[in-house]
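Reviewing the structure listed below.
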2 protein chains.
Amino acid sequence: MVTIADVARHAGVSSSTVSYVLSGKRAISEETRRRVRSSVQALGYHPNAGARALAAKRSHIIALMVPLRTDVYVPVMMEIAISVTTAARQHGFDVLLITSDEGPGGVRRIAASGLADGVVLMDVELDDERIPVLRAQGTQAALIGLADDARGLSCVDHDFAAAGALCADHLADLGHREIAFIGYGSGVYHRHAGYAERTLAGFRDRAGQRGLRFLHRTCEGTYESTAGTLARVLADRPGTTGFVVQNEGAIGPLLSLLRSGGRTVPEDASVVALCQDQLAEQFAPRLTAVTGSAQDLGRVAVDQIMRRLAAVHDGGRPADERVLLTPVLTVRDSTGPAPH
Amino acid sequence: MVTIADVARHAGVSSSTVSYVLSGKRAISEETRRRVRSSVQALGYHPNAGARALAAKRSHIIALMVPLRTDVYVPVMMEIAISVTTAARQHGFDVLLITSDEGPGGVRRIAASGLADGVVLMDVELDDERIPVLRAQGTQAALIGLADDARGLSCVDHDFAAAGALCADHLADLGHREIAFIGYGSGVYHRHAGYAERTLAGFRDRAGQRGLRFLHRTCEGTYESTAGTLARVLADRPGTTGFVVQNEGAIGPLLSLLRSGGRTVPEDASVVALCQDQLAEQFAPRLTAVTGSAQDLGRVAVDQIMRRLAAVHDGGRPADERVLLTPVLTVRDSTGPAPH
DNA sequence: TCGAAGTGTCGAAGCGCTTAAACAGATGTC
DNA sequence: GACATCTGTTTAAGCGCTTCGACACTTCGA
């Protein structure tokens, strides 16, 4: 194993000089810097992470707590996890993966052991019990999702209310008057998952403003469940011409069912999906969709933590940021003017 | 911050005694152990991870390198990542997430800095350039996937050849004679991805033994691509009655297309999917599928690393294990006797 | 010309833990 | 009763790094 002392000897300087060259925290002459750098290269030196963390009281690791529950579309979770990792690396940080089944105790463990300098929490509930722990430990954190009380931490999320409103506007602009909103399974609403409630609220408000009649129905995302939901919608409101789908699993079945029921998309019925563009492109017809970037979510969360850490490092009090990312509507082939 | 010295003072013992109580590496009297434990509780002590890693030369972290590429079904990757994390925690280890875009350099960085005690590599190519690095660094590793030369490391994977054979056997048993194998996009085969090639080879061999005629066609997993693939299959072999689908994205479109083409499943055509049970259950009809547990994959990989670390710790040479998990065929509603 | 200020490097303390070796006291052996 | 043995605990030496203060030397202003 190559240590900083080996590098120092090789370069003919003291080990503190090597440290300062590497951290840039003190002025070092051009000549010395060059010699040290080439010794580092020659010996293949990588600072020992434990020693560094111990001496500097910073691990250069952030923890990412991912939900075990999979009612949220899994590829999106993965995309967030990967973007958090990539963004963290750009700041010289690594990412520790922990699962939400560890609960508040997991957060305490990570923070108290100094394993991580900061924590990113996914799938945050409105009244999340991990938040008081974070505050008590003085751990820097960023939430992906909105909490009721986010004092002492930063958060970022999609603006789901705006996404819902975009759907309502688009269908209203096309002349649709009766809309069905196919949502997540009822469990998601009972849990008061923010993304589900806020989307629905945003849609509802805008639909009201635009004079739309609409129905909200839950749906589990299987073929059977979608068939049942669609049948009830058409029984209750035969005049429905617009569909908004938030549950990714229901999209394929819905398209199949509309087709086999004799309704052509977009001539007889328009469908707007709330899902990733990548997914929207896979169907026939390609779907008009409202999207927010999962990558941005991860990147912003990491940036927030980095700003908090920098503030603490400089002896200040970190600012509690609250960022909502604006969703985008991409018109494709699944929406068109309402039939007469 | 609570240190081991605080606990020692509180319990009226020396800090080494506290350390021995916690690690169990020396005999400690019942009485002392109780006092120390309750002091740990009372003060909320968590050992500092950096100090521990530095002194013990073990970080109690394993790194998990996940692919950025998403041609493999993402939820499966996520399931593996989560099962690795869960299994690691049961051994008192945490998981560091790194992305494969860091390449061999990432592996070197993690190993040389002592950040992780072991590495789990996903999406391994037959001739993977990270493997020599692992060997050179003497890092303990487990691969998920098979490499050409796995000396010095352990590996685990699904027995994809057996999975392919199961599909052929099932369709042959039902009397089908002409089968189409709908695979991944051509890029996957050009890359010589092990899972794709081995499944196909296993299917091909067994199909040969059972006297089946078959066609292998690549498919990108979009609706258009599946439509094109199916059209070509039916043009080349109008008598095809059995379908094996390995590309998750092609399943939904294939079912839709068969239905709209007037072929009822399973009366006119049988479909066997190579995918997770959860996914197979979502379609109508529910799909007969060949599955391997992604959870087991992660768990076994972690167990392999733990055994390797234990062997090194005991001064021995770790055994290079090679485990293939047996796939399971679950018959559901998408396969039936071949039509006359 | 002298002291002050600035620049570049080093020495050494210390971060919180593990662990080998030393030690104290109880127990057993002849 | 002298000695070895065992059990339970302490002492102290690091692990490899960061960082504070000291120091040597140069440059600058008065």
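Fair warning: this is a prediction, and the values are worked out from it, not measured in the lab. We name chains A, B, ... by the order of the sequence lines, and we start the count at 1 in each one. Just the heavy atoms: all of them, side chains too, but no hydrogens, waters or symmetry mates, feed the values below.
Considering only heavy atoms from C-beta on, A:V302 comes within 4.5 Å of A:I62 through its side chain.
The interatomic distance linking B:R26 (CZ) with C:dT18 (P) rounds to 13 Å, in whole Å. The CD1-C1' distance, from A:I28 to D:dT19, rounds to 13 Å in whole Å. Straight-line distance from the CD atom of A:E31 to the C1' atom of C:dT7: 16 Å, rounded to whole Å. Distance A:E30 CD to C:dT9 C1': 16 Å, rounded to the nearest Å. When the P atom of C:dC17 is taken as reference, atom CG of B:L22 falls 10 Å away, rounded to whole Å. Note: CG (B:N48) to P (C:dC15) measures 12 Å, nearest angstrom. Whole-Å rounding puts the B:H60 NE2 to C:dC17 P distance at 13 Å. Following rounding to the nearest Å, B:I4 (CD1) and C:dC15 (P) show an atom-to-atom distance of 14 Å.
Comparing C:dT18, D:dT18, D:dG16 by their nearest atom to the side chain of A:A56 picks out D:dT18. The listed nucleotides are D:dC17, C:dC17, D:dG8; the one nearest the side chain of A:Y45 is D:dC17. Of the candidates C:dT19, C:dG14, D:dC15, C:dT19 carries the atom nearest the B:K25 side chain, counting heavy atoms from C-beta on. In this structure, the nucleotide among D:dG16, D:dC15, D:dT9 sitting nearest to the side chain of A:T3 is D:dG16.
Salt-bridge check for B:R35 with B:E31: passed, with a basic side-chain N closer than 4.0 Å to an acidic carboxylate O.
Residue A:S29 is classed as a sugar-phosphate contact, given heavy-atom separations below 4.0 Å to backbone atoms only. As judged by a 4.0 angstrom heavy-atom cut-off over every strand, A:S23 is placed among residues making no nucleic acid contact.
Both A:G12 and B:G50 sit near DNA chain C, but only A:G12 has its closest nucleotide nearer the 5' end.
Looking at B:R308, its side chain does come within 3.5 Å of a backbone N or O of B:G152 through a donor-acceptor pair. Side-chain N or O atoms of A:T99 include none that pairs as donor or acceptor with a backbone N or O of A:L68 at under 3.5 Å.
No hydrogens or angles were tested; on distance alone, nothing pairs the side chain of B:R52 with the base of C:dT18 as donor and acceptor under 3.5 Å. Between the base of D:dC20 and the side chain of A:Y20 there is a donor-acceptor pair shorter than 3.5 Å.
In this structure, the separation between OG1 on B:T139 and CZ on B:R130 is 13.0 Å, given to the nearest 0.5 Å. B:I98 contributes atom CD1, which lies 7.0 Å from atom CG of A:D94 (distance to the nearest 0.5 angstrom).
Residue A:S16 places none of its side-chain N or O atoms closer than 4.0 Å to OP1 or OP2 of D:dT19. OP1 or OP2 of D:dT18 lies within a sub-4.0 Å distance of a side-chain N or O belonging to A:S19. Residue B:T17 places at least one side-chain N or O closer than 4.0 Å to OP1 or OP2 of D:dT10. Not one side-chain nitrogen or oxygen of A:S15 sits closer than 4.0 Å to the OP1 or OP2 atom of C:dC10.
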